[in-house]
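Positions are given from 1, in the same order as the sequence printed here.
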Amino acid sequence: MTKTKKRATSGEITIAEAVAWTGWTEVGIRAACEAGNFPPAVRHGDDWVISVKRLERWLDEGGP
């Protein structure tokens with residue numbers, strides 16, 4: 001499966017947008033966030049925000 005990165009208009013994306021970057025499911029990313037296993041994400045209120053820069057670096061370093 002070829003992953004297609006989508007260009008973000010800001011430096012942050014949502015979990016739903018991160019699905020296109022990682023190939024994971026939204027449920028899987030949310031579970032990884034809750035468990036502390038998705039370093040590019042930080043909690044923002046009731047939801048998670050993912051830094052594009054940190055996500056790219058994490059994936060380049062071997063990510064999941």
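- Under the rule for a side-chain contact (heavy atoms from CB on, under 4.5 Å), the partners of A35 that lie at least two apart in sequence or sit in another chain are N37.
- Summarising the geometry, atom CG belonging to L55 is positioned 6.0 Å from atom CH2 belonging to W21; distances are rounded to the nearest 0.5 Å.
- Residues passing the side-chain contact (heavy atoms from CB on, under 4.5 Å) test with T25 are V27, sequence neighbours excluded.
- Of all heavy-atom pairs spanning V49 and H44, the tightest one is CG2-CB, 3.5 Å.
- The salt bridge (charged side-chain N to carboxylate O under 4.0 Å, His left out) contacts involving residues 34-48 comprise R30-D47, E34-R43, where partners must be two or more places apart or lie in separate chains.
- If you look at F38 and W58, their ring centroids are closer than 6.0 Å.
- For A18, the side-chain contact (heavy atoms from CB on, under 4.5 Å) partners at least two apart in sequence or on another chain are I13, I29, I50.
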Run the numbers on W24 and V19 for side-chain contact (heavy atoms from CB on, under 4.5 Å), then give the verdict. CA-CA 5 Å; W24 292 15; V19 169; 5.9 Å; no
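- Scanning for side-chain contact (heavy atoms from CB on, under 4.5 Å) contacts around R57 gives K53, R54, E61, with sequence neighbours left out.
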